[in-house]
Amino acid sequence: MDFPEDLVKTFTDKAREVSAVVSGIRNMQEAFGYAVELCTRRGPGGREGAAACQRIIAAPGLEKAHLRQFGELCHSAGITLIASGMRDHPDGVELGFTVADYGIAETGTVVLDSAGEELRLATMLSEVHVAVLAKAAIRPDSFGLESELERRMQSSGDYTAFITGASRTADIERVLALGVHGPLELHILLLEEDPCSK
């Protein structure tokens, strides 16, 4: 698949500037392995003293074949994979796994069609967000998405998320805090192939 390498480099540099972890992968199976290894490495609950917590990965929006492959990998690692029911786990999801629609090189931003509540919750309530982004879907800037966004805005109830780095705020005494309004970490996996391919 063709994609300008300079856009990929700019995207990677900008995403890393806002503390995102950016890695390259060849296919979705590598993405699933990355997520499982990351969840396992962090340990149950992702924090000390949480050894009794169940490890959960939320992956709403994956097609059935990918969900089955991911589920088998999670099961063998002792991780529960869910595709729905995020409201039943408001503080217990270790990792949210999504497939981004676009990337913006200028700011290192991933763009997600988040019309479904499950997807929104997975990107906001998880300790860690892992987003898969096809290199071919990276645009130079937000103006490069104008026609796609205009088309999406024609349907009612649309919700598009622009995610740049991990959640951060300096609202309290101007002290930077991570993870207050969303995940503590954002991992972006740059994919060589079409994410819908088997």
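Listed for the Asp141 side chain is no donor-acceptor partner under 3.5 Å among the backbone atoms of Glu106. In this structure, the side chain of Glu118 does not engage the main chain of Ala83 through any donor-acceptor pair within 3.5 Å. The main-chain N or O of Thr80 is never found under 3.5 Å from a side-chain atom of Arg55 such that the two would form a donor-acceptor pair. A donor-acceptor pair under 3.5 Å is absent between the side-chain atoms of Ser126 and the main chain of Thr123, judged by distance alone. Of the possible donor and acceptor atoms, none in the side chain of Thr10 sits under 3.5 Å from a partner among the backbone N and O of Leu7.
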| query | Please walk me through it: do Glu185 and Val21 pass side chain to side chain contact (heavy atoms under 4.5 Å, CB included)? | reply | CA-CA 8 Å; Glu185 299 175 22; Val21 177; 5.6 Å; no

| Derivation and outcome, salt bridge (charged side-chain N to carboxylate O under 4.0 Å, His left out), residues Glu37 and Arg41 | CA-CA 6 Å; Glu37 195 276 329; Arg41 188 174 70 231; 2.7 Å; yes

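To the nearest 0.5 Å, atoms OG1 (Thr109) and CG (Leu145) are separated by 10.0 Å. Between Ser19 atom OG and Leu184 atom CG the span is 10.0 Å, to the nearest 0.5 Å. Separating the CD1 atom in Ile104 from the CZ atom in Phe143 is a distance of 10.5 Å, to the nearest 0.5 Å. Taken to the nearest 0.5 Å, the SG atom of Cys74 stands 9.5 Å off from the CZ atom of Phe97. Here the CD atom belonging to Glu17 is positioned 12.0 Å from the OG1 atom belonging to Thr164, to the nearest 0.5 angstrom. Within the model, atoms CG of Asn27 and CG of Leu189 stand 11.0 Å from one another, a figure rounded to the nearest 0.5 Å.
Inter-residue side-chain proximity for Phe70 and Ile79 is flagged as unmet; no heavy-atom pair is nearer than 4.5 Å. Using a 4.5 Å heavy-atom threshold, the side chains of Ile188 and Leu190 count as touching. Contact of the Arg120 side chain with the Met86 side chain is not registered, since no non-hydrogen atoms from C-beta on lie closer than 4.5 Å. Contact annotation: the side chain of Glu5 approaches that of Val8 to within less than 4.5 Å [non-hydrogen atoms, C-beta and beyond]. Taking the side chain as every heavy atom from C-beta outward, His129 and Leu186 approach each other to under 4.5 Å.
Shortest non-hydrogen contact noted between Leu112 and Ala100 is CD2-CA, 3.3 Å. In this structure, Leu81 and Ala59 approach most closely via the heavy-atom pair CD1-CB, 3.8 Å. Of all the heavy atoms in Leu133 and Ala137, the pair that sits closest is CD1-CB, 4.1 Å.
Using cut-offs of 30° and 60° for the angle between ring planes, the His66 and Phe32 rings count as perpendicular.
Screening Arg26, Lys135, Met28 for a side-chain contact (heavy atoms from CB on, under 4.5 Å) with Leu191, the sole residue that qualifies is Met28. For the pairing with Val93, the side-chain contact (heavy atoms from CB on, under 4.5 Å) check across Asp88, Val128, Ile56, Ile57 returns one residue only, Ile56.
The cluster map of Ile, Leu, Val, Met, Phe, Trp and Tyr, joined by side-chain heavy atoms under 4.5 Å apart, puts Leu95 and Leu119 in different clusters.
Using a cut-off of 4.0 Å between Lys/Arg side-chain N and Asp/Glu carboxylate O, Arg152 and Glu148 are scored as not salt-bridged.
Judged by distance alone, the side chains of His187 and Ser23 never bring a donor and an acceptor atom under 3.5 Å apart.
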